[in-house]
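Taking it in order: structure first as structure tokens, then the write-up.
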Amino acid sequence: MATTEAVKAKTLLGECSAELAGTFILILFGVGVVAQVVAGGIGDHDSISWAWGLGVTMGIYTAGRMTGAHLNPAVTIALAAFRGFSWKKVLPYVVAQFLGAFLAALVVRWNYTEAIGKVDPGHTIKTQGIFSTLPGNGSLDLGVHMWGGFRDQIIGTAILMFVILAITDLRNTAPAANMAPFLVGLLVVGIGMAWGTNAGYAINPARDFGPRVASLITGYGGALKDQFGDYYFWVPIVAPIIGALVGAFLYDLLVGRNLPIADEDEEPGRIPEEKTAA
């Protein structure tokens, strides 16, 4: 029997709204937990890693049906370069992702106003890491500078993109649609726990630049610079894009090209959906 359920046509505005909402949820959890640890003294690096992973999971559940939940300009660009995602949608998606991250960071900044003002009334590098990443997480002792952070972000985002493609490739051992967000969230937890020292694992230009701008306009005059006074804001933008392209290339080179051809085509950039009975 034919179904009588009405099918709503997707629009670019609807897709961008979903990307904004998904990224908004991601940043509420991610920046929120860093604010709690840094300004409130509750939690540690492990809680930060887990909350970022949970934020990614919840963000994907929010936007997954509409867009596949890119939530990351580097992922969007890599999908356009290697998976046929429409280049015409790249800029609107990226703008929506940055806006979602920016708005969520403003909510965190507002909510933690008193705690931040108490521990760092001058809004200095001491709490800047709540909103944006820094080489060596703002430490002067680790010896990590701009180019160390650049290298780190390429590697970390390459890992992210490589494994995302492995998880969502229907020709591979892809999980069911309802499990893919959970596994991508675990991937981010793992990256945070293994690759968080040198640059705070931004691995997402929107995650870093949106909150960085939010902090810049709410009292952090040095938000565009690192602890050494160098302009660092561009590193978590450029390096993750390079890393995502490298990760996608390596996945196709080492794994993707050797897998059997899928039975049917799926829309590029979409989380695999479970088959339903007619």
Side-chain angles (χ1 to χ4, degrees), residues 23-56 59 98-146 148-150 152-153 156 188-189 191-193 195-237 239-240:
T23 310
F24 183 87
I25 294 299
L26 161 61
I27 298 303
L28 283 183
F29 280 88
V31 173
V33 71
V34 182
Q36 179 166 275
V37 172
V38 173
I42 301 172
D44 54 20
H45 176 75
D46 284 354
S47 61
I48 290 174
S49 296
W50 279 107
W52 273 110
L54 289 170
V56 168
F98 276 115
L99 184 58
F102 170 76
L103 293 174
L106 285 181
V107 172
V108 174
R109 177 72 175 87
W110 179 38
N111 191 58
Y112 281 91
T113 297
E114 296 84 3
I116 292 173
K118 182 70 173 179
V119 301
D120 184 22
H123 302 112
T124 68
I125 203 75
K126 181 178 179 181
T127 56
Q128 172 57 36
I130 291 173
F131 301 98
S132 54
T133 59
L134 295 161
N137 289 310
S139 172
L140 296 171
D141 301 326
L142 291 179
V144 180
H145 290 256
M146 179 187 298
F150 190 86
D152 177 87
Q153 285 302 285
V188 172
V189 173
I191 292 174
M193 289 183 170
W195 295 88
T197 297
N198 283 0
Y201 71 105
I203 57 175
N204 181 339
R207 169 267 172 273
D208 191 89
F209 192 66
R212 192 181 294 269
V213 173
S215 66
L216 179 66
I217 66 174
T218 58
Y220 287 86
L224 300 182
K225 298 182 179 181
D226 63 18
Q227 66 270 33
F228 304 105
D230 297 322
Y231 281 99
Y232 187 79
F233 72 93
W234 64 273
V235 172
I237 298 175

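Index from 1, following the sequence. For the numbers below, each heavy atom of this structure counts, side chains included, while hydrogens, waters and symmetry mates do not.
Atom CD1 in Ile125 sits 11.0 Å away from atom OG in Ser139 (nearest 0.5 Å). Between atom OH of residue Tyr231 and atom CG of residue Leu224 there is a gap of 7.0 Å, rounded to the nearest 0.5 Å. The distance from atom OG1 of Thr113 to atom CZ of Arg109, rounded to the nearest 0.5 Å, is 5.0 Å. Here the CD1 atom belonging to Ile48 is positioned 11.0 Å from the CE atom belonging to Met193, to the nearest 0.5 angstrom.
Looking at Asp208 and Phe131, their side chains never come closer than 4.5 Å, going by heavy atoms from C-beta outward. Side-chain contact check for Val37 versus Ser47: some heavy-atom pair is nearer than 4.5 Å. Counting heavy atoms from C-beta on, the side chains of Phe98 and Leu103 never come closer than 4.5 Å. Looking at Trp52 and Val31, their side chains come closer than 4.5 Å, going by heavy atoms from C-beta outward. Within the 4.5 Å cutoff, the side chain of Trp195 has heavy atoms near those of the Asp152 side chain. Looking only at side-chain heavy atoms (C-beta outward), Phe29 and Val56 stay at 4.5 Å or farther from each other. At least one side-chain heavy atom of Leu26 sits less than 4.5 Å from a side-chain heavy atom of Asn204. Residues Pro236 and Arg212 are in side-chain contact: their nearest non-hydrogen atoms beyond the backbone lie under 4.5 Å apart.
For the pair Gln153 (side chain) and Ile203 (backbone), a donor-acceptor distance under 3.5 Å is present. Of the possible donor and acceptor atoms, none in the side chain of Ser132 sits under 3.5 Å from a partner among the backbone N and O of Gly129. The closest donor-acceptor contact from the side chain of His123 to the backbone of Thr218 lies at 3.5 Å or more, if one exists at all. The main-chain N or O of Asp46 is found under 3.5 Å from a side-chain atom of Asp44 such that the two form a donor-acceptor pair. At least one donor-acceptor pair closer than 3.5 Å links the side chain of Gln227 to the backbone N or O of Pro135. Distance alone, capped at 3.5 Å, places no donor-acceptor pair between the Gln36 side chain and the Gly41 backbone.
Of all heavy-atom pairs between Lys126 and Val119, the closest is NZ-O, 3.0 Å. For the pair Ile27 and Pro211, the tightest heavy-atom approach, listed with the atom from each and the gap, is CG2-CG, 4.2 Å. The minimum heavy-atom distance between Thr133 and Gly200, with the atom names listed, is CG2-O, 3.8 Å. Closest approach of Asn137 to Thr197, counting heavy atoms only: ND2-O, 3.4 Å. Closest heavy-atom contact between Tyr220 and Ile116: OH-CG2, 3.2 Å. Of all the heavy atoms in Leu142 and Gly136, the pair that sits closest is CD1-O, 3.8 Å.
Under the 6.0 Å cut-off for aromatic ring centres, Phe150 and Trp234 qualify, their centroids lying closer than that.
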### Query
Passes side-chain contact (heavy atoms from CB on, under 4.5 Å), Leu134 versus Phe228? Steps please.
CA-CA 10 Å; Leu134 295 161; Phe228 304 105; over 6 Å; no
### Message
Quick one, Val107 with Phe24, criterion side-chain contact (heavy atoms from CB on, under 4.5 Å). Give me CA distance, side-chain angles, the key distance, then yes/no.
### Response
CA-CA 10 Å; Val107 172; Phe24 183 87; 4.1 Å; yes
### Task
List the steps and the verdict of side-chain contact (heavy atoms from CB on, under 4.5 Å) for Ile217 and Phe102.
CA-CA 11 Å; Ile217 66 174; Phe102 170 76; 3.7 Å; yes
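Aromatic ring pairs are classed by plane angle as parallel below 30°, tilted from 30° to 60° and perpendicular above 60°; the pair Phe233 and Phe209 is tilted.
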